[in-house]
Peer 1: 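Here you go, one structure.
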Amino acid sequence: RTAEMAKLTQLIDNEIFQAYATYATIVLLKMMLVSCVTVYFRMSRKAFANPEDLPERGENAKKYLRTDADVERVRRCHLNDLENVVPFFGIGLLYALSGPELSTALLHFRIFAGARILHTIAYLAPLPQPSRGLSWLVGYAVTISMAYKVLKTALYL
């Protein structure tokens, strides 16, 4: 049991794992912030999806059961985060455990986090294309690069 605890302590002390934990936390917090922006837009635009969320009751309240372009934009941004941050979270962990060089791992993690932050800004501002598309592509390419390294390191196909 002590040996297992020692291994866990070694993992927590590992600089690559610490870098992964830092940047995974950053992108997860950013993703959580986008959900708060969704709530803000729902409340400020009075555009609710569910009857139980309505600020009033009665027939007059049904006008608040509607879609709003700004709410939908934030929701699409959040969905895109789910489609990209979740794979990064899993693949990034496997990558961190595959023994990459610290400088290479930091480059991957920093580029991914930066790309996702820029993607959110480009989506919510909204900035003209190709800004959003390029930031998505950069983050996606980083995740593919890490997946390739994991498969190359531990190929058991």
Peer 1: Can you tell me if R42 uses its side chain to pair, donor with acceptor, with the backbone of A47 under 3.5 Å?
Peer 2: yes
Peer 1: Can you check whether R75 reaches L79 side chain to side chain, under 4.5 Å on heavy atoms?
Peer 2: no
Peer 1: Surrounding CZ of F89 (heavy atoms of other residues, nucleotides or ligands, distance under 6.0 Å), is the total greater than 12?
Peer 2: no
Peer 1: Given side chains that start at C-beta, do those of Y23 and L106 come closer than 4.5 Å, heavy atoms only?
Peer 2: yes
Peer 1: Specify the closest pair of heavy atoms between S131 and A122, including all atoms of both residues, with the distance to one decimal.
Peer 2: OG-CB, 3.8 Å
Peer 1: How close do P51 and L65 get, heavy atom to heavy atom, and via which atoms?
Peer 2: N-CD2, 3.7 Å
Peer 1: Quick one: OG1 on T120 to CG on L33, what's the gap to the nearest 0.5 Å?
Peer 2: 8.5 Å
Peer 1: Do other residues, nucleotides or ligands put more than 12 heavy atoms under 6.0 Å from the CD atom of E101?
Peer 2: no
Peer 1: Return the CG to NE2 distance between N84 and H119, rounded to the nearest 0.5 Å.
Peer 2: 7.0 Å
Peer 1: So, does Q129 use its side chain to make a donor-acceptor pair with the main chain of G133 at under 3.5 Å?
Peer 2: yes
Peer 1: Could you see if L102 belongs to whatever hydrophobic cluster contains I26? Use Ile, Leu, Val, Met, Phe, Trp, Tyr and a side-chain cutoff under 4.5 Å.
Peer 2: yes
Peer 1: Within the 4.5 Å heavy-atom criterion, are L93 and L97 side-chain neighbours or not?
Peer 2: yes
Peer 1: For the residue pair F17 and Y20, does the interplanar ring angle fall in the parallel (under 30°), tilted (30 to 60°) or perpendicular (over 60°) class?
Peer 2: tilted
Peer 1: If only atom types and distance count, is the side chain of N80 paired as donor or acceptor with the main-chain N or O of R76 below 3.5 Å?
Peer 2: no
Peer 1: Once you round to the nearest 0.5 Å, how far does CD1 of I111 lie from OG1 of T143?
Peer 2: 11.5 Å
Peer 1: Could you tell me if the side chain of C77 sits less than 4.5 Å from the side chain of L124, heavy atoms only?
Peer 2: yes
Peer 1: If I compare all heavy atoms of R73 with all of P126, which pair ends up nearest, and what's the gap?
Peer 2: NH1-CB, 3.6 Å
Peer 1: Is a side-chain donor or acceptor of N14 paired with a backbone partner of I16 at a separation under 3.5 angstrom?
Peer 2: yes
Peer 1: To the nearest 0.5 Å, what is the distance between OG (S135) and CD1 (I121)?
Peer 2: 9.5 Å
Peer 1: Tell me whether L137 is reachable from L118 by hopping between hydrophobic residues (I, L, V, M, F, W, Y) whose side-chain heavy atoms are closer than 4.5 Å.
Peer 2: no
Peer 1: Mind checking whether M32 and V37 sit in one hydrophobic cluster, side chains of I, L, V, M, F, W, Y counted as touching below 4.5 Å?
Peer 2: no
Peer 1: Which heavy-atom pair separates L28 from V85 by the least distance, and what is that distance?
Peer 2: CD2-CG1, 3.8 Å
Peer 1: Does the side chain of T67 come within less than 4.5 Å of V71's, by heavy atoms?
Peer 2: no
Peer 1: Checking F112 now: which residues fulfil ring pair (Phe, Tyr, Trp, His ring centres under 6.0 Å) with it, not counting sequence neighbours?
Peer 2: F88
Peer 1: Just checking, any donor-acceptor pair under 3.5 angstrom between side chains of S145 and K149?
Peer 2: no
Peer 1: Does a side-chain heavy-atom distance below 4.5 Å link R116 with W136?
Peer 2: yes
Peer 1: Taking V86 as the starting point, is it possible to reach Y140 by hopping between hydrophobic residues whose side chains are less than 4.5 Å apart?
Peer 2: no
Peer 1: Rounded to the nearest 0.5 Å, what separates atom OG in S44 from atom CG in D68?
Peer 2: 8.0 Å
Peer 1: Is it true that atom NZ of K152 has more than 12 heavy atoms of other residues, nucleotides or ligands lying nearer than 6.0 Å?
Peer 2: no
Peer 1: Is it the case that one hydrophobic cluster holds both L107 and F109, taking links as side-chain heavy atoms less than 4.5 Å apart, direct or via other members?
Peer 2: yes
Peer 1: Does any part of the side chain of V34, heavy atoms only, come nearer than 4.5 Å to the side chain of V74, both counted from C-beta?
Peer 2: yes
Peer 1: Quick one: CG on L94 to OG1 on T153, what's the gap to the nearest 0.5 Å?
Peer 2: 10.5 Å
Peer 1: Between T104 and P100, is there a donor-acceptor pair closer than 3.5 Å when you use the side chain of the first and the backbone of the second?
Peer 2: no
Peer 1: Is the number of heavy atoms from other residues, nucleotides or ligands within 6.0 Å of CD (E72) greater than 12?
Peer 2: yes
Peer 1: One thing to verify: whether D81 and K30 come together as a salt bridge, which I'm taking to mean a side-chain N less than 4.0 angstrom from a carboxylate O.
Peer 2: yes
